[in-house]
Each structure stands twice: as structure tokens, then as C-alpha cells.
Amino acid sequence: MATNKKRKVDAECRAFQEKWANDYFFVEVKGKPVCLVCREALSVMKKANLERHYSSKHAKLDKLKGQMRLDIVNVLRRSFGAQQAVFIRPQSDRDNTTHASFVVSELIAKKLMPHSEGEFVKECLVAAAELLAPDKVKLFQSVSLSRRTVSDRITDMAQDIEKTLKDTARDFQFFSLACDETTDITNTAQLAIFVPGITAEFDTREELLSLQAMHGTTKGEDLFEQVVLAMNKFELQFDKLSGLATDGAPAMSHKLNNVMTTVVSTINVIKSRGLNSRQFKELLSELESEYGDLVYHCEVRWLSHGNMLTRFYSLREEVKQFMEMKGKPVMELSDSKWLCDLGFMVDITKYLSELNVKLQGPNQLLSSLQSHVKSFEAKLKLWQVQLERGNTIHFPTLQEQKPAVTPEYAAECAKLLQAFGERFQDMKSKQRELNIFATPFNVEPADVPDNLQHEIIELQSNDELKASVVLPLLEAVPPAVPDAAAPLGKHAAFAGTPPDPHQDAS
């Protein structure tokens, strides 16, 4: 005997039709038809049900025709929307106050302020609301910013960031690590580990992976252990690790040690004692010095040497006078050879700092970064040759001291050049691959990987593409202007055309 199965009409996925609003005064709310007149909700989205409800309870509305009927429907819709907002607004307000609590907690964390400051921030918000938005005072009072709440919010955000980073790292096809050892205000060593990575969709990300406290020694094996712990925590595999970069000890940090030792010790004498620091500032004010104080040396940021050395050199006479007043004369400040070494250090650290800035920043192509390095290496070669000949044109601070001999500075450039060659050796081995992206129109198709040879040929044969790339570059080059002091000869047919050395000068 066959059994009759009850058909579920609500499973037929009937869609609400907009004309039912005008025909039967119904609107859709969360998948259910609701009458605009009596606010009754029907269980099934079916035309017959809407028509039966309308005919049995609101048949008198048939008298409304045309534009008047549309106007009544719109009025009822607005009224219904306002009624719905009354119930929605409390939930929205709760969401907004919670959101505000998270925003303020994030600012407190970023500014490294005590978590208890949240209560003070709330007092400020309420006081401002009483003047600017009296009707919103209760809303501001409901924002929870107690010390415990702020602490919990910061913990929740940290856990969310960690989870997001772990999900992102899991999608990396390749990644590299960049490690930097620093020291915090409590003199505790901290190892910052950054992870740049790329997914299969060529989505690149760069994040701070971990900040590991180093309470014991900071030997290479200790650093490696912390790196392994961070990789395991975020499920990063060694077979996807494409490179490891460290700040390392720059080639210049151990050169000309006599300069750095003297400068740092002198600055520490002046800056580390409050009385000395105040008296030195007063001396600079009396002498109407260009600068008001020295720059403190930051041991963990070797590029801070540049600013420190420059300021020290500019104030060398004032420093000399002050140290003599204190009965601690710095004999090196009267030594011409030492001043020459100082001048060289000022200039070379300035150049290194400029290179460092060029290598920073997001979304830079590896080929562009390598161009900066190659340019600096070329400058080092030039400086080495010039300093061997006594030419200090590119070292203005050193030139100011009028050094008697300069070959030793040429040797320092040579050592620095060697250090660059060793550090960027792996990049040079990829020069052919980088040329594909840096100068795709100039590479030989036979020199590129087999899977890219046809694509390179098609790209190089596309005249429209070549014009769209090359012409803007040519337009950006200013036209050559002939030297006004040089007469234009009969062969100078075009402005800026160099004379042919094989032609008769007459």
C-alpha cells in the first residue's frame, strides 16, 4: 500500500516577486512574506497564500488605485522600515561599542601605554560627548575600557593576527627569512624574524614572524634555535625556504676602530650624565652653534653611525673645548691624521646610509634592488682608483682635512667592495634570470629557460608593446641643448649631436 508523503512547500524555494508589494501589500523579510498593513508574517512564500490573506483581511484596500496605491505602499514600507530599525539599532550599538573598545585597545598597544590607560581614555570620551553629543553620552559610557578588558582585547587581537599569519604562511610556495638582532630598553637581546613569501597565485606578503627574547647568550647556534622554533610554530617547511638574510656585521663596523672608539666614548661622557649634557647644551647656545646637541650612538643600529659621526664632526671644536674644560681632553681632536680618518668615516657611512634607504620599502623588484647594489659597487671601484691617486673629490669631509696620503682609504674601499661581492654573490649568479624581467627586449631567446623562449620571442616581436614601453621613456628624456658658448659649425645639423672626431674641425 503506497503511503502519501507530505510535500514540503517551504522547500520549493519560491522567490518573492516585487509586484506582490503593490498587489497584496507584502514585503519579504528574511525569506518570509510580511504584510505591511497588519505586520503578520506568513509561513510560506506562495502567491495564493498572500492573495487569500489580502482578500480576507484587507479587501477594502482595493479602492486604492494607480499612483495613490503606490504612495500608500511606499508610506507603509517606510513605517515598517523604521519599526525594524528600532529592533536592529540596539544590536548595532552593541557592535559599535565593542568595535570601539577594540580600536582603543589597539591604539594603547601600539603606543606601548599601560592597559589601565583605557579607563582614562573613556573619561575623556565621555567628557567630550557631554559637550559635543549629549544624546550619545550613554553610548560612550557603555564602551568597556577597564584594564582587564583592554588586556583581553589585545590578547584576542594578537591571537587573531597569529592565526591569520599561520594560515597565510601555510599557502606560501616559497619564502625567505630576514633576521635582525636588537636590544630593548631593559638591555635584553631580541631577535626579530621577518618572513617575505609568495603564494601559487603570485600574492606576495611580508610579515613580522616572531620577536624572540634572548635571555642567555646570542651565539649563532642560539639564534638558529630560535629561528627553528618560530618556523615550527607557524608550520613553515625548510624545503620551501629560499633564502636567509641577516643584518650581519657590516664591513665598515670593524674598520678604523680608533675613530669609533674615541667618538663613542666621548659622546657617552657628555650625554650619559645629566649635568654634563646640560652644560654642553649651554656651551653650544653661548657659542651660537649650528646644532643644539650631539646625537646619541645606537649600538644595535650601525647606520646610526652616519648621523652620529656627522654631528660629532660638525661640533668637533665645541666638543674639544668642553672636554678640556672638564679636565678630560681628547687628544685625537688635535691629531690631523685622526681627523682625516673621522672625515673618511663621515663620508663613507653617509653613502652607505643612502644605499640602505634605496633598498628599503615594499613592492620593489629584485632587479631594481640589484641595480642599486651594482651602482654602489661601481662607485666603490671609482673611489678606490681615485683615492689611490690622491683624488678626494667624492669625499668632501675628508677633503676638508687635506690628507697627506689617501691610499689607505682606497684599501678600505677595496675591502668594502670585497664584502659586497661576497654578500651579494648569490644575486649575481641569477643575473641571466633577472635580465628577463629587467630588460626583456634585450635578452637573447636562446639564453632564457626553454619554457619562456617562445613567449620572449612573441614579446620582442610585438611592436605596439615595445612602443608603449620605449616611447614614454624617450619622451621623458629632456632634449639636448647646445652650449651657448660654443659656435655651431657647419656640421652641427642637429642640436646635441656630438662632433665626429674623424671630421675636419674647420
Side-chain angles (χ1 to χ4, degrees), residues 29-30 78-170 180-195 205-215 226 229-230 233-234 274 277-278 292-293 296 298 300-301 304 360-362:
V29 178
K30 296 182 179 180
R78 287 194 294 270
S79 175
F80 180 74
Q83 183 183 12
Q84 291 291 103
V86 171
F87 298 101
I88 295 174
R89 188 176 298 112
Q91 180 64 35
S92 177
D93 288 344
R94 285 195 294 272
D95 292 342
N96 289 336
T97 54
T98 302
H99 188 194
S101 177
F102 272 99
V103 170
V104 174
S105 299
E106 182 183 11
L107 292 174
I108 290 175
K110 286 182 176 180
K111 298 297 183 180
L112 303 179
M113 298 173 64
H115 296 174
S116 58
E117 290 295 323
E119 298 174 353
F120 173 70
V121 173
K122 181 176 179 178
E123 291 181 12
C124 296
L125 291 175
V126 172
E130 290 174 348
L131 295 175
L132 303 177
D135 56 325
K136 300 289 185 180
V137 171
K138 290 185 177 180
L139 193 60
F140 282 92
Q141 290 175 339
S142 64
V143 179
S144 181
L145 289 173
S146 66
R147 182 192 62 79
R148 186 180 183 86
T149 300
V150 171
S151 180
D152 291 341
R153 299 286 192 236
I154 294 174
T155 301
D156 291 342
M157 287 186 287
Q159 292 175 346
D160 181 69
I161 292 172
E162 182 175 316
K163 180 180 181 300
T164 302
L165 180 56
K166 185 177 292 186
D167 294 339
T168 301
R170 194 178 295 117
D180 181 22
E181 182 193 347
T182 185
T183 305
D184 60 22
I185 58 176
T186 64
N187 206 29
T188 301
Q190 302 281 352
L191 179 64
I193 306 175
F194 297 87
V195 56
R205 296 287 298 275
E206 182 174 352
E207 301 287 349
L208 173 63
L209 185 70
S210 179
L211 186 64
Q212 305 288 110
M214 309 286 292
H215 296 289
Q226 295 298 328
L229 289 175
K233 179 179 179 181
F234 289 93
S277 181
R278 291 192 298 271
D293 200 0
Y296 222 153
C298 182
V300 298
R301 290 286 179 265
S304 68
Q360 293 178 1

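Residue numbers count from 1 along this sequence. As the structure is a computational prediction, the values presented were derived from the model and not from experiment.
Interatomic distance, I161 CD1 to D156 CG, rounded to the nearest 0.5 Å: 11.0 Å. Atom CD in E207 sits 14.5 Å away from atom CD1 in I193 (nearest 0.5 Å). Atom CZ in R205 sits 8.5 Å away from atom OG1 in T164 (nearest 0.5 Å). The CZ atom of R153 sits 12.0 Å away from the CZ atom of R148 when rounded to the nearest 0.5 Å. Note: L125 CG to L145 CG = 7.0 Å, rounded to the nearest 0.5 Å.
When every heavy atom of Q212 is checked against every heavy atom of Q226, the shortest pair comes out as NE2-OE1, 2.7 Å. L132 approaches P134 most closely through the heavy-atom pair C-CD, 3.7 Å. Scanning both residues, F140 and A129, for their nearest heavy atoms gives CD1-CB, 3.4 Å.
Side-chain contact between S210 and K233: absent, with no pair of heavy atoms (C-beta onward) separated by less than 4.5 Å. Using a 4.5 Å heavy-atom cutoff, the side chains of F194 and L209 are not in contact. In this structure, R170 and D167 have side chains that are in contact, with non-hydrogen atoms separated by less than 4.5 Å.
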Determine all donor-acceptor pairs shorter than 3.5 Å in which one atom belongs to a side chain in residues 107-120; sequence neighbours excluded.
residue	atom	partner	partner atom	Å
K110	NZ	E106	OE2	3.3

- [ ] Given side chain to side chain contact (heavy atoms under 4.5 Å, CB included), test L139 with T97 step by step and report yes or no.
- [x] CA-CA 7 Å; L139 193 60; T97 54; 3.7 Å; yes

TODO: Go through R147 and V150 one step at a time and tell me if the side chain to side chain contact (heavy atoms under 4.5 Å, CB included) criterion holds.
DONE: CA-CA 5 Å; R147 182 192 62 79; V150 171; 6.0 Å; no

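A donor atom on one side chain and an acceptor atom on the other are not found under 3.5 Å apart for S144 and S101.
Taking the charged nitrogens against the carboxylate oxygens, K163 and D160 have no contact shorter than 4.0 Å, which rules out a salt bridge.
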